[in-house]
Amino acid sequence: MDLDPEDVFKDEEDGSDNEFFQQSASSKEYVVYLVDASPKMFNTTCPGKDQKDETHFHLAVSCIAESLKTQIISRSYDEVAICFFNTREKKNLQDLNGVFVFNVAEREHLDRPTARLIKEFDCLQESFMREIGSQYGIVPGSRENSLYNALWVAQALLRKGSIKTADKRILLLTNEDDPFGGLLGAAKADMTRTSLQRAKDAQDLGISIELLPLSCPDEEFNVKVFYADLLGLDGEDLVQFMPSAGQKLEDMKDQLRKRMFTRRIIRRITFDITNGLSIQLNTYALIRPAVPGAITWLDSVTNLPLKIERSLICEDTGALIQEPPKRFQPYRNENVKFSMDEISEMKGISTGCLRLLGFKPLSCLKDYHNLRPSTFVYPSDQEVVGSTCIFIALYRSMLRLKRFAVAFYGSSSHPQLVALVAQDEVAKAGVQIEPPGINMIYLPYSDDIRDVEEIFPDTDDDAPRADEDQIQKAAALIKRIDMRDFSVSQFANPETLCSTAGSSSRRR
Amino acid sequence: MLYRLSRFLRDHYVIWQNLLTWGGKKKEKPGNGQQFSNTIKSLPHFSVSPLSSSFKFQLTPQALLSLCLLGAEFTRSSMARNKEKLVLLLDVGPSMHSVLPEVEKVCSMLVEKKLIFRKNDEVGVVVFGTEETNNDLTKEVGGYDHIVVLEDIKVVDGDLIDTLQKLPRGTVDGDFLDAIVVGMDMLIKKYKDIHKGKKRLCLITNAVHPIKDSLEGTKEDQVETIAAQMTAQGMKMESVVVRGRLSQDANKRIMDENDRLLSIFSKQTLTRTVYVDSPTSLLGALKTRRITPVTVFRGDLELSPDMKIKVWVYKRTQEEKFPTLKKYSEKAPQTNKFATHQVKVDYEYKTVDGASKVVPPEQRIKGYRYGPQVVPISAAEWDAVKFKPEKGVKLLGFTDASNIMRHYYMKDVYLFIAEPGNTRAILSVSAIARAMKEMNKVAILRCVWRQGQQNVVLGVLTPNISQNDKLPDSFYFNVLPFIEDVREYQFPSFNSFPVSWQPNEQQQKAADELVQMLNLAPSGKEEALLPDYTPNPVLERFYRHLELKSKQPDAAVPPLDGTLKRITEPDPELFFENKSVIDALRKHFELKENPKLKKSARRLLREKPSGSNDEDGDADVSDAQAVNSIEKALVVKIEKIGDLTPVQDFEVILSRRDSPEWVGKAIKEMRDKILGLLSDSHEGDNHLIAVECIAALRKGCILEQEPEPYNNFLRYLNLYCQQKGMSNFWQLLASRKLTLVSKSEAADSDVTDNEARRFFVKTEPKPKD
């Protein structure tokens with residue numbers, strides 16, 4: 001137990017590999033959940049299974065609770081604040097009416113989620129009416145505007161940190177598509193104008209406002225009435241805005257939960273189709289193994305974290321080595337030395353972009369042509385106009401012709417051949433299950449593929465083969481144990497669950 | 001006469017070998033003399049030729065003599081269990097010359113890796129198609145011409161690489177079957193019939209020239225007897241046949257015949273025959289590093305509690321990483337010959353308070369992060385909550401193959417095989433695999449490979465129907481993600497995009513053409529860039545550099561040669577053949593830098609809410625390097641306005657979109673440049689350039705809708721010219737009408753059209769009238 005096993009096996013050169021799997025602290029996210037607590041949120045229900053209807057408010061709160069639990073494990077550097085508007089009580093630094101910032105002890109308003117926050121937020125539903133209360137903050141005849149106040153409070157909460165290092169978002173959950181609908185004339189115009197200005201000010205500061213609308217059973221949430229202006233949606237964007245579809249509780253929950261994630265770009269890459277035709281793509285890590293809580297060493301007397309200092313000692317002289325040492329490989333009875341520069345030069349075999357090499361039928365992509373989790377690729381016209389159009393054209397051709405592209409992805413740490421496989425959009429009950437785009441599958445080299453001939457034992461005889469009768473029996477068996485609706489990610493990892501349960505129980 | 005003898009020997013090689021083999025058996029079961037003579041009598045053709053009888057008496061004592069050595073060999077063999085004994089059989093005939101550089105590379109790489117990873121392996125080198133002849137068989141029995149044993153079988157060393165790096169260029173069309181016999185002879189003479197499964201032949205040829213006819217029986221018969229012998233001796237063979245583009249002019253009939261002959265080896269022996277048609281796949285086709293396979297799991301595949309199949313699980317793919325090089329210490333004095341130069345890495349755990357005290361191991365406790373908090377959990381406590389699943393592989397069920405998307409495969413791939421020798425298990429696996437294939441089903445498994453392993457693996461089992469009669473059917477297994485591993489981001493559907501983003505009919509047609517024509521797997525030809533035959537260019541480069549450096553310590557990193565560039569860059573030939581398709585694509589699609597990305601528009605775009613299209617919102621968190629690489633592809637990255645082409649430089653910087661700062665920077669740089677030009681000017685020699693720069697600046701400021709900087713600068717210039725008495729320059733500007741930017745040109749301007757028109761008149765330092 002002298003060494004931290006994780007450190008022993010860590011090589012400096014492996015750093016890039018870790019980056020592939022882990023999120024770095026530098027790309028953190030500040031989120032303010034802005035939840036409408038108006039009576040309409042409590043009065044509207046959506047039908048659930050077994051007659052268990054849930055109010056929109058309940059739905060919103062439980063989705064946030066779920067998202068917090070995921071976040072504390074997988075993205076614990078992100079900071080959150082939970083803020084209700086249209087409340088009876090008020091609690092905010094600006095002392096504005098109708099806005100209540102929910103928080104727990106030992107925590108700033110905008111801070112990383114803690115076990116306590118999750119626990120108390122879970123219990124909030126019971127105490128909400130008693131302690132916070134629901135009350136329309138936009139009342140005809142008064143100058144109060146709780147939406148305006150809420151945006152102000154959220155913006156103030158997000159004043160922390162620079163937008164260069166953090167992504168700032170306000171997630172607005174409401175079922176009211178026309179917040180000033182009850183007002184008339186000048187009062188309405190005035191409130192609309194000031195609220196829009198507030199939103200624009202926040203956006204000018206680099207804060208993105210996202211709307212998670214909840215549709216009422218009888219009418220769909222109409223984003224055009226008011227929120228399109230608030231969000232700054234026009235033309236193309238309005239078309240792309242995905243209205244919440246489906247009335248069922250489970251679907252709505254699913255949808256909300258999915259929308260709470262930001263699509264985090266891991267890289268922007270150039271895709272060289274041919275010389276002179278290079279388009280822009282964004283890559284996303286949709287599938288990566290979740291790493292269960294990182295281990296830190298503590299002093300068992302004080303429970304304070306320990307710092308680990310690494311020193312390099314020359315085995316011959318015992319001297320401490322300060323400068324980064326050269327590397328060597330024993331070869332032909334001598335030590336062949338390499339400088340770190342030479343090593344990175346050897347690895348740098350390409351310019352870092354994705355280069356198209358050609359196309360193959362999908363049948364060429366074998367089940368054993370795999371090494372690592374895939375990366376999702378989606379086009380962007382932000383830098384290069386026309387990227388999306390070419391991408392869609394190639395994407396549709398590949399889908400139709402059942403072919404995939406072979407390309408070389410020259411990342412500096414892991415230059416590799418990749419298969420680009422088009423994925424058609426799949427949706428069920430209005431919920432997107434597979435996004436449209438291209439999946440980049442990292443292909444092995446011949447060096448990475450083991451010989452089957454080596455694996456199978458030597459025999460002089462032909463291998464036995466099942467006859468038709470035996471195959472039919474097997475087919476009958478397969479029919480008996482068929483899982484018709486199987487979909488990937490139905491199962492939670494028992495290990496993560498276990499360690500989380502351990503940690504949370506320990507907290508109390 | 002010699003030829004006939006040679007042919008005859010090849011035909012009867014088997015007899016000779018049988019004697020040897022039989023001898024080996026005799027040693028195991030002494031006193032079986034009767035069987036010995038029976039065998040001799042039962043051998044066909046034995047008494048047919050007088051030649052053979054003399055031959056028999058030459059060899060039998062030799063065989064028996066060698067038996068005495070076997071006892072010693074047997075004990076040693078257990079130690080050398082994993083040492084490979086390899087004979088390289090390399091065709092160096094004239095038709096092979098063009099690929100010999102690659103043959104040299106792949107063979108040296110093979111030996112290089114052995115020198116590092118398998119120092120005790122033994123290798124011999126035989127070349128055929130040479131002018132000369134030098135091998136044991138030719139001396140002993142004649143024949144076997146044009147075959148030279150370059151290196152006898154020996155433990156790998158550096159000389160071997162030197163030999164392989166300069167293979168002779170032969171002058172004769174070689175006979176690969178003769179070469180195989182020579183190679184077998186070398187292995188048999190050296191190791192007798194021990195080291196079964198560790199003896200290997202590696203043949204690299206294009207097999208475009210006919211092998212010599214047999215005196216008795218067909219060529220097929222010959223190959224069959226040799227193949228039988230190979231199996232009996234426990235030899236494996238790997239044949240790499242270089243074809244396609246690399247052997248255009250060859251005779252089809254001969255090639256077909258040779259292919260048929262070679263396929264006999266694949267069917268009847270453990271021979272891997274690989275056809276390659278590019279130098280690149282030649283480098284990848286030969287396994288240069290052999291890793292002894294180790295089972296990940298041996299036990300039951302539980303279909304149900306009372307239905308189990310015995311299986312063994314191996315890795316099918318595993319990344320061969322860049323070698324972890326040791327750290328080198330230069331501290332030891334040069335004179336110290338025994339210095340190890342090794343570096344020890346020492347870890348100290350210290351308190352974070354000011355004291356920085358070292359904390360002893362027994363005082364340390366592991367803490368687990370839960371949000372910002374760290375929860376200390378002692379080993380004992382951890383043990384109590386730790387998830388401890390039972391070892392085992394259980395079937396959860398079967399499902400349609402279409403339910404499992406290919407991109408959900410998470411890791412390297414496993415191979416499930418039935419327990420070797422267990423016919424029932426082999427049949428069960430075969431039946432299920434074939435039924436799954438027919439029904440297009442896959443199986444979902446839950447696996448815990450080892451007892452005490454903490455994690456459970458969920459994955460998909462897919463059928464792998466064997467194409468080789470010798471190999472049983474098996475399954476591939478790929479790991480699937482758990483819920484926590486999947487991020488369910490939503491992306492807008494392509495159909496919802498505005499029409500301007502959708503490809504039109506011609507564009508779609510151009511894309512279809514490209515996808516169809518840029519074909520890497522044309523029917524009837526070898527699939528290009530097949531992962532199984534594509535070497536890792538970085539590793540190739542490392543081992544080449546290593547070899548270079550061992551001879552010349554300051555050797556530079558070798559550049560990627562053409563063969564390796566076929567992996568990292570498009571094949572110029574393929575792209576040239578499809579030039580029309582590519583040109584059509586270029587014609588139909590237009591790419592340009594986003595013109596909307598003016599300062600004002602840029603801000604809007606960046607802050608557009610993520611609910612709609614949040615790539616833009618995320619721009620700031622993305623990797624700046626990657627953004628730069630996009631720029632690099634579009635324009636040469638220019639950050640300063642130079643002296644040579646100031647106008648172009650300015651335009652390039654102005655159009656950079658990787659940061660909003662560039663516009664301001666470009667304008668400022670241009671202003672400084674212009675003032676620099678004016679102050680450095682001798683008798684107005686710079687004035688024309690300065691005017692061009694001002695014109696560019698004006699144009700740029702209008703394009704970017706930034707009138708202020710230009711107008712302020714022009715007003716400043718006015719004063720500057722008055723002070724320096726540069727009225728001629730000012731007139732030059734007036735004649736080019738480079739006046740203030742007016743409201744009608746840029747909305748933000750505070751200058752009216754009239755004002756702009758009158759600017760030069762009003763401000764003329766020395767009015768003419």
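So that the names make sense, note that chain A is the first sequence line, chain B the second, and so on, each numbered from 1.
- A/L417 touches chain B through its side chain: at least one heavy atom from C-beta onward sits under 4.5 Å away, while N, CA, C and O do not.
- Closest heavy-atom contact between B/K549 and A/E342: NZ-OE1, 2.7 Å.
- What you find for B/P472 and B/I426 is that their closest heavy atoms are CB-CG2, 3.8 Å.
- Chain A forms more heavy-atom pairs under 4.5 Å with one residue of B/T423, B/L115, B/D473, B/L539 than with any other, namely B/D473.
- Per-residue counts of heavy-atom pairs under 4.5 Å with chain B were compared for A/G386, A/P436, A/P415, A/G437; the largest is that of A/P436.
- Taking the centre and axis of the six-membered ring of A/Y368, the NZ or CZ atom of B/R316 falls inside the cone set by 45° and 6.0 Å.
- Between chain A and the residues B/M439, B/M436, B/R406, the largest count of heavy-atom pairs under 4.5 Å involves B/R406.
- Salt bridge absent: A/R396 and B/D512 never bring a charged side-chain N and a carboxylate O closer than 4.0 Å.
- With a 4.5 angstrom heavy-atom cutoff, B/E590 touches chain A only via backbone atoms.
- Contact count versus chain B (heavy atoms, under 4.5 Å) is highest, among A/V421, A/L394, A/L277, A/L357, for A/L357.
- At a 4.5 Å heavy-atom cutoff, the contact between B/V515 and chain A is made by backbone and side-chain atoms alike.
- Interface residue B/I582: only side-chain heavy atoms are found under 4.5 Å from chain A.
- Both the backbone and the side chain of B/L591 come within contact range of chain A, judged by heavy atoms closer than 4.5 Å.
- If you measure heavy-atom distances from A/P464 to chain B, the contacts under 4.5 Å come from both the backbone and the side chain.
- In this structure, the portion of B/Y533 lying under 4.5 Å from any heavy atom of chain A is its backbone and not its side chain.
- A cation-pi arrangement is found for A/K347 relative to B/F322, the charged atom lying closer than 6.0 Å to the ring centre and inside a 45° cone about the ring normal.
- One distance of note links CZ of A/R450 with OH of B/Y314; it measures 11.5 Å at 0.5 Å rounding.
- Using a 4.5 Å cut-off between heavy atoms, B/F575 contacts chain A through its side chain alone, with no backbone atom that close.
- Of the listed residues A/I481, A/T274, A/L298, A/L306, the one with more heavy-atom pairs under 4.5 angstrom with chain B than any other is A/L298.
- Using cut-offs of 30° and 60° for the angle between ring planes, the A/F338 and B/F542 rings count as tilted.
- Ring geometry for B/Y349 versus A/W297: interplanar angle over 60°, hence perpendicular rather than tilted (30 to 60°).
- Note on A/D482, A/L365, A/N370: by heavy-atom pairs under 4.5 Å with chain B, the leading option is A/N370.
- With chain B as the partner, the residue from A/A393, A/G358, A/A474 showing the most heavy-atom pairs under 4.5 Å is A/A393.
- Checked for salt-bridge contact, A/R310 and B/D346 miss the test: no charged N lies under 4.0 Å from a carboxylate O.
- Heavy-atom pairs under 4.5 Å with chain A peak, among B/I432, B/N403, B/D532, at B/D532.
- In this pair, B/F497 and B/F494 present their aromatic rings tilted. The plane angle is within the 30 to 60° band.
- The CG atom of B/D412 sits 5.0 Å away from the OG1 atom of B/T317 when rounded to the nearest 0.5 Å.
- Looking at B/I116, only its side chain comes within 4.5 Å of chain A, counting heavy atoms on both sides.
- For chain B, the nearby part of A/I441 is the side chain; its heavy atoms alone come within less than 4.5 Å.
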Problem - From CA spacing to verdict: side-chain contact (heavy atoms from CB on, under 4.5 Å), A/T270, A/Q280 - result: CA-CA 5 Å; A/T270 313; A/Q280 189 199 339; over 6 Å; no
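- A/L286 touches chain B through backbone and side chain together, each having a heavy atom under 4.5 Å away.
- The heavy-atom pair separating B/V413 from A/D367 by the smallest distance is CG2-O, 3.7 Å.
- Annotation: maximal heavy-atom pairing with chain B below 4.5 Å, among A/R465, A/E309, A/Q470, occurs at A/R465.
- Contacts of A/E345 with chain B are made by both backbone and side-chain atoms, with heavy-atom separations under 4.5 Å.
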